[in-house]
Structure formats: structure tokens, C-alpha cells
Amino acid sequence: MVDRILGRGREAREGHEGRGDQAPDAPAADPKAAVWARVQLARNLRRPRILELLAVIADEFVELHGDRLFGDDEAVVAGFARIEGRRVVVVGQQKGADTEENVRRSFGMPHPEGYRKAMRVMELAERCGLPVVTFVDVPGAHPGPESEERGIAEAIARSVGLMSRLRTPIVTVITGEGGSGGALAIAVGDVVLALENAVYSVISPEGCASILWRTTDEAPTAALAMRMTADDQRALGVVDLVIAEPGEGAHADHAETGRRLKTAITEQLDRLAAIPVEVLVEQRYRRYRSLGAYAELAGPAPTPPVPPRGGLADRLRGLIEAGQRAIPAPLPVGRRDEPPAREDV
Amino acid sequence: MVDRILGRGREAREGHEGRGDQAPDAPAADPKAAVWARVQLARNLRRPRILELLAVIADEFVELHGDRLFGDDEAVVAGFARIEGRRVVVVGQQKGADTEENVRRSFGMPHPEGYRKAMRVMELAERCGLPVVTFVDVPGAHPGPESEERGIAEAIARSVGLMSRLRTPIVTVITGEGGSGGALAIAVGDVVLALENAVYSVISPEGCASILWRTTDEAPTAALAMRMTADDQRALGVVDLVIAEPGEGAHADHAETGRRLKTAITEQLDRLAAIPVEVLVEQRYRRYRSLGAYAELAGPAPTPPVPPRGGLADRLRGLIEAGQRAIPAPLPVGRRDEPPAREDV
Amino acid sequence: MPMKFPSFRSRREDYPEKMWTRCPSCEEQLFNKQLEKAMNVCPSCGHHFRLSATMRLSQLLDDGSFVERDPGLVSVDPLGFVDQKPYPDRVAAAQLATGLRDAAVWGTGRIEGMRIAILVMDFGFMGGSMGAVVGEKVARAAEGALEEGIPLVIVSASGGARMQEGTLALMQLVKTMAALERLRAARVPYVSVMSDPTTGGVFASYAAMGDVNLAEPNALIGFAGARVGAGTIGQELPPGFQRSEFLYRHGFVDRIVQRADLRQELAQVLRFLAPTQPWGKEAARG
Amino acid sequence: MPMKFPSFRSRREDYPEKMWTRCPSCEEQLFNKQLEKAMNVCPSCGHHFRLSATMRLSQLLDDGSFVERDPGLVSVDPLGFVDQKPYPDRVAAAQLATGLRDAAVWGTGRIEGMRIAILVMDFGFMGGSMGAVVGEKVARAAEGALEEGIPLVIVSASGGARMQEGTLALMQLVKTMAALERLRAARVPYVSVMSDPTTGGVFASYAAMGDVNLAEPNALIGFAGARVGAGTIGQELPPGFQRSEFLYRHGFVDRIVQRADLRQELAQVLRFLAPTQPWGKEAARG
Ligand SMILES: [Zn+2]
Ligand SMILES: [Zn+2]
């Protein structure tokens with residue numbers, strides 16, 4: 001039996017509660033409260049997002065707009081930036097500073113055109129040989145009907161696929177809320193950094209709680225169970241490096257947060273620039289290929305034998321030849337028609 | 001002085017009126033009436049389009065739907081077909097047989113998603129190594145505001161660019177109305193065939209007449225002036241081969257029209273299959289690179305010298321240094337603000 | 001890691017046989033034998049019941065052609081996840097109920113004589129949710145198709161990523177898409193078949209990205225849960241929202257195919273997709 | 001082919017100098033010298049007047065850096081096209097009026113020191129329409145940029161394809177796009193600048209397809225003529241239809257740039273686009 005990744009999971013479970021005491025309003029003694037305090041910090045409205053961070057990090061920034069297909073989604077910011085002389089392409093989600101801007105930016109929840117803009121600009125980065133830096137902070141992709149109509153799932157899938165093979169370095173920073181597929185769509189990188197109070201999860205704690213505990217009141221319980229803090233994510237191997245936040249947290253000191261991020265990003269850019277692109281892309285493939293824990297048992301195939309085809313003629317033949325073949329009964333059909341757990345991812 | 005393509009233009013002007021007498025209701029003596037009769041034939045509602053032709057030509061047809069971005073535009077039909085054993089990808093515009101179907105198919109005028117579906121399926125053809133056969137019959141791309149909003153120009157430009165470099169053979173057939181950019185978007189090929197009564201033009205005769213003659217009554221005059229018949233287009237080098245129609249025209253005999261087309265298409269497919277793809281794509285580039293007539297004069301540059309930059313400082317410096325540089329007056333600005341001829345292409 | 005694996009008993013022992021099933025769509029009472037003969041499609045209204053992985057394989061593949069690969073992959077519990085019961089207990093219960101080790105089965109087989117790699121999902125196993133085992137199987141199926149140069153077919157049935165594996169489940173979107181991108185670059189065809197339901201992270205990765213996307217009629221296909229969507233945004237949902245026909249109309253499904261036609265149409269599409277030149281790492285096709 | 005080419009006299013002789021121009025937007029009377037100093041932008045309301053090719057080049061390029069290429073290309077009359085006057089007469093009149101041989105000028109130059117290939121269009125020459133000469137110049141500009149490994153900039157101002165050259169004008173869409181596709185494959189950057197107006201076949205080919213698309217404010221940018229669109233469909237047009245801001249909102253323009261900022265912003269974008277590795281047929285950049 002092989003248990004490939006489990007070690008990292010164990011580490012997450014045992015090692016990293018120690019930093020919980022840095023989170024304000026959260027006694028270290030209560031891990032659930034500590035985690036929930038971090039979720040609140042990650043969602044703090046004054047937390048710096050791509051534009052606030054670029055104001056500190058970038059010497060120069062030229063925003064590019066539009067997906068060349070349908071629209072310009074202001075929930076995603078993309079463009080050229082210069083970071084201590086290094087030319088890069090940047091992509092990130094952006095919320096608004098006030099209600100008017102929040103409406104314009106769909107409260108930071110991208111529609112498909114936001115991800116399609118990101119893809120266009122990342123492809124441009126690949127052509128120009130510019131590295132990509134992404135800043136991830138999103139409750140999730142926009143869940144409205146227009147988002148579904150225009151193919152939010154297709155956009156996420158395509159963007160994830162594109163980033164997995166993009167022939168240029170990608171540095172990803174989870175700066176705030178790493179909300180599921182809407183985060184992942186711009187968070188596939190050669191290296192994944194996270195700010196200390198950032199969180200990353202497959203589903204919102206509220207969504208998880210409402211499905212598994214049947215009440216959103218258990219969101220803190222779900223948050224703890226999902227091990228969504230930056231430190232836990234590092235222990236799982238999903239995040240490579242956690243960057244400490246100054247003082248009370250990133251929201252209280254954009255400038256210092258930006259400076260620390262800048263140091264980390266430039267270090268990574270310089271490290272990745274030294275790797276030949278073929279090697280880089282192969283390493284990135286391996287990085288994601290190895291994420292996820294499973295065991296592999298030896299022994300006989302456990303799946304029930306496949307019965308002959310179900311066409312009427314075949315089926316009749318099957319009945320006539322009964323005894324020669326084992327025809328297991330199909331699963332009772334009723335229970336396969338329950339509604340699915342729809343909030344997954 | 002080089003006059004590269006003019007010979008073909010001359011040929012078009014002088015040689016090919018002879019077949020006009022095949023058009024019914026049109027005395028050969030009046031070339032304008034003959035051309036106009038062909039325009040009417042090309043627009044005949046019973047003329048076979050891609051689906052009617054495939055019913056005759058194809059042994060097998062599997063339609064594919066959707067652009068994977070926004071919608072499925074039924075004004076464009078795309079899919080796999082088998083033509084006498086040869087697997088191909090087919091693309092074409094389709095009108096409806098009745099009002100209900102015409103509404104569903106936008107009267108055969110594609111929106112951007114129609115061309116984006118075509119591109120998706122042509123890229124699939126390239127990956128699978130299947131040749132592409134396109135059937136062109138369209139008054140023009142859909143001219144409505146939603147078509148503009150979703151980027152009809154971008155879709156046409158991208159499709160034309162894609163076809164110019166697609167690494168698989170492309171056979172294009174103009175079967176009816178070759179209406180401007182909306183036709184061209186699926187009409188870039190290694191070889192361009194046309195049915196005898198097909199027409200091909202840069203703008204509809206009505207549109208041309210309304211701009212240049214200030215009345216649509218002169219549409220037949222414009223049609224003649226634009227030399228839009230299949231024979232004229234062959235003489236210009238835009239069309240490579242004209243396929244005779246049976247009896248009164250394609251609309252009167254779909255079966256025979258299809259059989260003739262099938263012979264021509266399979267001949268071309270077999271010819272193109274023998275050409276290495278690198279050579280094929282280079283020849284296609286050369287085909288379009290050489291279309292268009294111009295002359296090239298020797299002698300000094302005629303463009304007025306470029307004045308120094310117009311920034312205020314530069315301008316002042318320019319005035320101070322007057323006499324050292326020639327500063328021609330700009331063109332009177334007023335006449336540059338006339339409305340443009342908007343119906344072009 | 002202590003984990004008990006169920007013995008794989010015949011499921012006849014686990015489920016008392018019922019004679020009748022009520023169609024959730026037309027409410028007709030259907031004789032089970034009759035339903036089974038009709039490929040689990042309601043003969044009265046055409047409702048497509050969900051299929052087990054083995055039923056799906058038997059309906060699609062040439063008799064006796066399926067050879068399962070990587071049957072030994074089983075889920076572990078990287079997060080130590082406990083909700084109302086521990087994750088390992090949920091897995092064990094699903095194994096017991098379905099006779100499967102996880103929500104996907106992959107292997108090679110033939111369809112109208114053509115050799116393919118095929119992965120089918122089973123909604124009966126924890127809602128067909130995708131954890132590391134499903135992701136690993138999809139990646140191995142894609143890599144196997146690439147290695148052998150044979151087309152890949154995936155039949156999806158899933159509520160999305162498996163919450164109990166946290167972001168490691170989310171990372172399976174990358175793992176699967178990265179493998180499919182390599183398949184595409186090598187010009188090996190991939191056909192996605194979406195059955196009821198295909199939602200969340202499975203729809204937002206491999207299910208959406210076939211060279212050709214087929215869907216069974218009226219299957220629920222979407223990204224965000226209808227509850228999430230409507231609740232967050234407070235908008236009314238359009239009619240037929242997130243059903244196959246909605247996805248078809250919006251350009252994400254090539255063809256909606258009745259179950260009775262699926263095998264034949266899949267074979268037809270695969271015959272067209274088969275590259276004219278050999279592809280994949282080897283041109284060897286048996 | 002008999003065709004008289006005008007002598008290229010100073011245009012001061014052709015146009016009596018007016019002292020004042022009325023702004024079509026705010027109706028202010030503007031002193032021409034003042035307007036010229038303001039780069040032909042109304043100082044009162046910001047209306048961007050159209051520019052001649054030479055004015056455009058002078059505003060964008062480093063002084064004295066422009067070297068014209070292929071100045072000898074002139075239109076011929078492949079169709080023998082006569083409407084209310086013969087096509088050659090229209091060309092001759094336009095040549096006389098503008099001092100240009102056709103509606104586009106291309107060459108090499110520098111912008112903030114960077115060497116680029118640049119093509120600018122002149123709406124004053126038959127509505128900036130694209131016939132074989134404009135198409136040929138765009139293709140040669142793209143091929144020149146590829147050959148030398150320098151970025152390409154095109155400033156469009158056009159009503160579309162030139163009807164008088166029939167489908168040969170339409171074929172220029174293919175010629176230009178084919179050349180641009182080769183540029184893109186070689187990773188040489190291309191920036192499109194759309195000025196008032198950029199419509200029809202020019203918008204439906206190279207103007208829409210920049211790696212970065214810039215547009216001047218309130219420029220008319222669209223495919224179908226508003227008359228055609230509204231007439232055919234009988235729909236009301238949305239506000240701001242086919243203006244730069246409309247195109248920006250719908251995702252087809254990266255940035256709307258005031259004329260006063262255009263040179264600087266173009267240079268900035270070009271500095272970012274310049275590949276980190278040499279590209280094009282040679283890496284030689286002067
Ligand atoms: Zn029923
Ligand atoms: Zn004004």
C-alpha cells in the first residue's frame with residue numbers, strides 16, 4: 001500500500017496551531033475561534049487587493065481591458081507591471097472601496113469574461129516571455145444565472161488548463177479569500193505564496209456547513225475541519241510559502257504588507273527565471289500531479305464485473321444464456337435520483 | 001512600373017459576358033439585366049444550402065453545436081461529414097425553409113457566435129488532420145446591435161486569420177450569395193469553387209448603389225460594376241473554378257447540383273491531400289498575398305515630409321527655429337470630419 | 001492509517017429486490033425488469049434514471065471488452081475530516097453500498113471495435129464527488145490514452161469536488177486539466193459525456209472540455225448550486241436553468257443524445273475524431 | 001494604364017488658409033493655430049478632430065526618425081469601375097487633395113528611442129478606404145516588422161474596404177490577417193490604434209486584432225454601417241453605439257487614450273511588449 005501525500009496532511013493536523021494566537025480576538029486555546037478569526041481577517045473589507053498592492057509593489061502599471069469576446073469584467077484586473085525593474089503581467093480579483101465601485105466590480109466575483117480577459121493577457125505574457133504574477137482574493141466566481149449562461153465552468157476549466165501549460169513562470173499569491181474554483185482559475189502557479197491571514201478552501205465554510213451540518217451556524221466548525229488557513233495549506237503542500245503580515249494584519253498596513261510581498265515575489269521571479277522553460281513547465285505539471293492523498297491497494301479488481309450490454313436483443317440473449325454469465329442487479333434506481341450536493345466547489 | 005494582377009482584371013472586363021445568356025429572363029444583349037438575373041438566382045429561396053447539399057453529397061453527417069462561449073448560432077452549420085469515404089469537417093451558412101426556421105436561423109445571417117463555432121470546429125479539424133469544406137451563402141453577417149456588441153468584426157477577423165494558417169486543406173464553395181465579410185469569414189481556402197449562378201461581392205449591390213449612386217434603384221448598375229458573377233470572380237482570381245449548374249439553376253435540381261459539387265470537391269480534396277501541409281499553408285499564404293491589383297512607381301517619396309512633433313514645447317521650438325524646417329500646414333480639419341461611408345464591406 | 005475495506009459481496013445481498021420503481025418525472029410505476037431493459041429510461045416519459053458505473057460500461061462497451069485499470073486506488077483522509085461522521089466512515093459506507101472503491105472506474109475497452117480509454121463516474125458513491133482518487137484516475141486515464149494513442153471517453157456524474165478532502169480535492173481540477181492539455185497537445189481525441197448530474201468542480205474541469213461534448217437529455221449540468229446562485233444573487237432563475245438543453249442552447253454541449261443512441265453516436269463521433277496520422281506516444285492501436 | 005499622378009505641391013496652394021474652425025461637437029469657433037497646438041483636439045470640449053497621415057506621424061514619432069517605405073505603391077483599376085465618375089478620377093482627385101498616393105503610409109521610425117514599423121491611415125484619402133494598396137502596405141509593414149524584429153504599430157482611420165476594387169478589396173482582409181498571423185507566430189508585438197472612424201473591413205481585420213488595442217476617445221468604431229444595421233433590423237441603437245467607449249465596455253478596446261497622451265502611452269505599452277528574448281527573423285534592433 002502506498003500512501004503518497006498523507007504525511008503532509010498529518011503535519012497540518014498536528015503542527016501548526018501555534019500561530020493562531022496572532023489572530024486578534026481569538027484565544028489560542030480555542031482553535032475553532034482562532035480559525036474563524038482568520039476567516040474574518042481574510043474577508044476584511046480594508047484588506048489590500050491587487051490594485052492596493054500594486055500601488056506599493058509596482059514602479060509602473062498599465063491596465064489592459066476586455067476579453068475580446070463579450071465585455072470588460074472589472075472584478076478582474078489584468079495588465080503590465082514593473083516590479084523593481086522586472087516586467088511582468090499581473091492578474092487579480094478586485095473588490096470596490098464603496099458601494100458604487102462594488103456594484104461595478106460585482107463585489108469582486110468574476111463573470112466568465114473576467115477569466116477570459118485573464119487568459120488573453122496570460123497568453124500575451126507567454127508570447128512576450130513575461131512572467132505572470134497573480135493576486136488571489138475572491139469569495140468565489142459570480143454565481144448568478146448570467147454567469148452560468150456564459151459558461152463560468154468552461155472559463156474556469158480553460159484557465160486552469162492554460163495556466164498548467166503556460167510557457168512562462170507563474171507566481172501566485174493568495175492574499176485574502178481563496179474561494180474555490182473562482183480562486184483556482186487564476187491560482188495555478190510554479191509557486192504559490194499566501195499571506196499569513198489568507199484562507200483557501202474548496203467551498204465556503206458557510207456552504208460546507210449548510211451541506212454537511214445542515215446549518216450555516218456551523219461555519220466555524222467547517223472552517224476548522226477544512227484546514228483552510230495559510231499555515232494548514234502550506235502543510236498540505238497546496239501553498240509553498242506563508243508570508244507574515246505586519247501588526248494587526250494586512251488591512252492595517254498596506255505599505256508594509258506590500259513591501260514584504262514585493263521581497264517574496266521578486267525572490268521567486270528571480271529563482272524561476274533561472275529555470276529553463278521546458279523544465280519549469282514539467283515541474284509545474286509534477287507539482288499538481290502529486291497533490292492529493294490516496295492509497296493504492298494490491299489485489300483483485302474490486303469493481304463488479306461489467307454485465308453485457310443492455311440493448312433489448314443483448315438483454316434477451318443475456319437472459320437466455322443465464323447462468324453462463326453473472327448479471328449483477330443494477331443499483332436500485334431510486335436512490336440514484338436524489339438531488340446532488342450542489343454547492344460542491 | 002509593375003502591374004501585377006491587372007491582367008486578370010482586364011480579362012474579367014472583356015471576356016466573360018458570353019455565359020450571361022444562360023440566365024433566364026435576361027437577354028444577353030443587356031449585361032446589366034443579365035447580372036441582375038444572376039443576383040436573383042443566387043438569392044433564390046429554394047437554392048440549396050449546406051444542409052440540402054450535404055443530403056446529396058455526404059454519406060454521413062454529424063452536426064456539432066455551440067461556440068463554447070455564448071451560444072449556438074443556427075445560421076451557421078458545422079460538423080463532421082463523410083464524402084465518398086473521405087472524412088471532412090464542414091461549415092456553412094444556413095437559411096430556413098419557412099418563417100419559423102428563418103427566425104431560428106436569423107435568416108442565415110450569422111452572429112459572432114456562429115463564426116466562433118466555425119473556428120472551434122475548424123481547429124478541431126486541424127488537430128484531427130481532417131480537411132475542411134465550407135459552403136458559403138450569406139447576405140452578410142448579422143448587422144444588428146447585439147452582433148456589434150459581441151464583436152462581429154473581431155470574429156470575422158479572427159476567423160479569416162485562423163483559416164489563413166490552418167494546417168489542413170480547405171476547400172471553399174461559394175454556392176449562392178457571397179456577401180462580403182460575412183462570407184469571407186468562412187471562405188478562405190486553398191481552392192475556391194463557385195457555382196455558376198453564385199455571386200461574390202465586397203458589399204451588397206443595394207449598399208453600393210446607395211453610397212455611390214445615392215439610390216438603391218441603381219443596384220443592378222452596381223452589381224455590374226462590381227463584377228460579382230462567378231465567372232467574373234474567376235477572371236479576377238478570387239474564384240478558381242466555376243461549376244456549371246443544371247437546367248434552370250441549382251434551385252431547380254438539388255440532386256444534380258449536389259452530384260456535380262461532390263465530383264468537384266472530391267477531386268480537390270484528393271489533389272490537396274497529396275500536398276505536404278507546410279507547402280499547402282505557404283501556397284495559401286501566397287494565394288492571398290498576391291490578390292489585389294496595384295502599380296509600383298519608382299521615384300522620390302511622395303508623402304509630404306513629416307513635421308516635428310506637435311507637443312507644445314516642440315511646437316514652440318518649431319516656431320522659433322522656423323526656416324530651418326519645413327512645416328506644412330495640416331489638412332483643413334473640417335473636411336476630415338465628414339461622416340464616413342459606413343456601408344463599406 | 002487504519003481503514004477497513006469492505007468485502008465485495010454481491011449487491012443482491014445488500015438491497016432487497018424491489019419489483020417496482022416510481023418515475024420521479026411522470027410518476028408512473030415502472031416494473032424494474034422493464035426499466036432495466038429500457039436502459040433505465042422511463043418508457044413512459046423518457047426520464048433518464050442515473051446509472052451505476054458498471055451499468056454504464058455495459059451499455060457503452062463491446063461485451064467483455066472492458067479491462068479495469070488501477071482498481072486499487074482508495075481514498076485516505078488527509079485532513080482528518082469529521083462532520084457528523086468521520087470521512088473514512090462515509091467512504092466505507094459508500095463502498096459497502098456500491099461495491100465500488102470510489103466514485104470513478106477507468107480502464108480500456110472497445111466500442112464498435114475501436115479501442116478506447118474510458119472513465120465512468122458513479123453518482124451513487126458519495127454523490128460522485130471528486131477527491132484525490134477520482135482526480136488520479138482521470139489523470140491516469142488521460143496519460144494511458146496518451147501512452148497508447150487511443151481516444152479518451154469520460155462519462156461524468158458528479159456533484160462536484162469532495163469537500164472532505166478540502167483544497168486537495170480542488171487541486172484535482174488542475175491535475176485533470178493538466179493531463180487533458182497534454183492529451184490535446186498530442187492530438188489524441190477526448191469526448192466528454194455529461195449525465196445527470198454534472199456539476200461543480202467536475203463540470204469546471206474535464207467535463208466541460210471535450211473535443212466533443214455530449215449530454216444525456218435533461219441532465220442537471222452547472223457550476224454553482226441553484227441554492228447558492230439564487231440565494232446570493234436574489235435573481236429568478238431562467239426556465240430550464242442548468243439542464244442539458246440550456247447548456248446546448250448556450251453553446252457548451254455539442255449534442256444531446258438519448259441513452260438508447262449513445263453507444264452508436266459515441267462510436268460515430270470517435271470514428272470521425274480518429275486522427276488520419278498516428279498520434280500519441282505510440283501509434284499502436286489494437 | 002494611363003493615369004496622371006499629381007505633382008506634389010505644397011498644400012498651402014490647394015487650400016486657402018482659414019483662420020477659424022468650428023468644433024462639430026461644442027460648436028465653439030477655434031483659432032486654427034490654437035487647434036493645431038492642441039494636436040487638433042478641441043480645447044473647449046475635447047473633441048478629437050481627424051488627423052492627416054503626416055500629422056499623425058509627427059505627433060507619434062521622434063523628430064526626424066520616420067523613413068517611408070514603399071512610397072511608390074499606387075492604385076490601379078482592376079474592375080474598370082465607373083460610378084458617377086471613373087475610379088481613376090476619384091483616386092487622382094484624392095491624390096491632389098491630400099498630397100498622398102493612397103490612404104496609408106508606412107515606414108520605420110522611433111518612438112521614445114524604440115525602433116518600430118508604423119502604418120498610419122488617412123481618412124482624407126477616399127474615406128481611408130482599403131484597396132489593394134492599403135492591403136499591400138499593411139502586409140509589407142507586417143513582413144518588414146517580422147524581418148527586422150521590431151514591433152508594428154498601425155493607426156487606423158477608415159470607412160472600410162474600397163468598393164471600387166470589388167472583391168479584390170475584400171481579399172485584403174485575408175492578405176493583412178495572414179501577414180499578422182505570421183507576425184504573431186513569431187512573437188513580434190503589434191499594437192492597433194483606432195481613430196475616428198475605424199469601420200467595416202478595416203475593423204474586421206487588422207484594426208481589431210492588436211496584441212493591445214488602443215482607441216482615441218469617442219471614435220466611431222464598428223462593423224456594419226448604422227444605416228444598414230438599423231434599417232435592416234429595425235431596432236433602436238443602444239446609446240453610444242459604435243463609439244470607443246462602447247467598444248471598451250464590450251471588451252474590444254484595452255484602453256481609451258487622449259491624443260495628448262497617445263505617444264507616451266504607446267511607448268509605454270511597447271516597452272512592456274518587447275520580448276525578453278530576441279524574436280523575428282533577426283534580433284537586430286537599432
Ligand atoms: Zn416517466
Ligand atoms: Zn469642441
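All values reported here derive from a predicted model rather than from experimental measurement. The chains referred to below are lettered A, B, ... by the order of the sequence lines, with proteins before strands, and numbering in each begins at 1.
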(request) Step by step, work out the side chain to side chain contact (heavy atoms under 4.5 Å, CB included) result for A:Y294 and C:D102. (result) CA-CA 11 Å; A:Y294 55 85; C:D102 212 294; over 6 Å; no
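- Atom CD of C:Q84 sits about 7.5 Å away from atom CZ of A:R214, to the nearest 0.5 Å.
- Atom OG in A:S164 sits 11.5 Å away from atom CG in C:L173 (nearest 0.5 Å).
- Atom CD of C:Q264 has 12 or fewer neighbouring heavy atoms from other residues, nucleotides or ligands inside a 6.0 Å radius.
- Proximity of C:L79 to A:L236: side-chain heavy atoms (C-beta onward) are separated by under 4.5 Å at one or more points.
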(request) Step by step, work out the side chain to side chain contact (heavy atoms under 4.5 Å, CB included) result for C:H250 and A:R150. (result) CA-CA 7 Å; C:H250 289 287; A:R150 301 200 291 268; over 6 Å; no
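- No side-chain donor-acceptor contact under 3.5 Å links C:K175 to the backbone of A:S290.
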(request) Could you please spell out the steps behind the side chain to side chain contact (heavy atoms under 4.5 Å, CB included) verdict for A:V202 and C:E165? (result) CA-CA 9 Å; A:V202 65; C:E165 296 188 18; over 6 Å; no
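- With rounding to the nearest 0.5 angstrom, the CG atom of A:L212 is 4.0 Å from the CE atom of C:M163.
- No side-chain heavy atom of A:P145 sits under 4.5 Å from any side-chain heavy atom of C:Q242.
- Your options are C:D70, C:L61, C:L180, C:D62, and the one with the most heavy-atom pairs under 4.5 Å with chain A is C:L61.
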(request) Apply the test side chain to side chain contact (heavy atoms under 4.5 Å, CB included) to residues C:E143 and A:R289: give CA-CA distance (whole Å), side-chain angles for both, the deciding distance (0.1 Å), then the verdict. (result) CA-CA 11 Å; C:E143 288 168 347; A:R289 190 67 187 76; 2.8 Å; yes
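- Using a 4.5 Å heavy-atom threshold, the side chains of A:M226 and C:T167 count as separate.
- Options A:Y200, A:F107, A:Y285 differ in how many heavy-atom pairs under 4.5 Å they form with chain C, and the most are formed by A:Y285.
- Side-chain contact between A:Y288 and C:Q172 is absent, with no heavy-atom pair separated by less than 4.5 Å.
- For chain C, no part of A:A155 is nearby; none of its heavy atoms comes within less than 4.5 Å.
- Closest non-hydrogen pair, A:E149 versus C:P238, comes out as OE2-CG, 3.8 Å.
- Annotation: maximal heavy-atom pairing with chain A below 4.5 Å, among C:A179, C:G64, C:A157, occurs at C:A179.
- Atom CZ of C:F246 sits about 7.0 Å away from atom CD of A:E148, to the nearest 0.5 Å.
- Chain C forms the most heavy-atom pairs under 4.5 Å with one residue out of A:I152, A:L162, A:L184, and that residue is A:L184.
- When all heavy atoms of A:S201 and C:L170 are compared, the pair lying nearest together is O-CD2, 4.1 Å.
- Of all heavy-atom pairs between C:S58 and A:P307, the closest is CB-O, 2.6 Å.
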(request) Apply the test salt bridge (charged side-chain N to carboxylate O under 4.0 Å, His left out) to residues C:R140 and A:E296: give CA-CA distance (whole Å), side-chain angles for both, the deciding distance (0.1 Å), then the verdict. (result) CA-CA 13 Å; C:R140 290 195 190 181; A:E296 199 156 7; 2.6 Å; yes
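- Considering NE2 of A:H142 and CZ of C:F223, their distance stands at 12.5 Å, rounded to 0.5 Å.
- We find the SG-CG distance between A:C208 and C:D83 to be 7.5 Å, quoted to the nearest 0.5 Å.
- Chosen from C:A207, C:A185, C:A178, the residue pairing most often with chain A at heavy-atom distances under 4.5 Å is C:A178.
- Heavy atoms of C:V105 lying under 4.5 Å from chain A belong exclusively to its side chain.
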(message) For A:R167 and C:E181: C-alpha separation, side-chain torsions, deciding distance, then whether salt bridge (charged side-chain N to carboxylate O under 4.0 Å, His left out) applies.
(response) CA-CA 13 Å; A:R167 295 172 57 80; C:E181 289 285 340; over 6 Å; no
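- Between chain A and the options C:R182, C:M209, C:R263, the largest number of non-hydrogen pairs under 4.5 Å is found for C:R182.
- Counting heavy atoms from C-beta on, the side chains of C:S205 and A:V160 never come closer than 4.5 Å.
- Looking at C:F203, the atoms closer than 4.5 Å to chain A (heavy atoms on both sides) sit in the backbone and in the side chain alike.
- A:G151 and C:F252 make their closest contact through CA-CZ, 3.2 Å (heavy atoms, listed as atom of the first residue, atom of the second, distance).
- Per-residue counts of heavy-atom pairs under 4.5 Å with chain A were compared for C:R184, C:R249, C:M171; the largest is that of C:M171.
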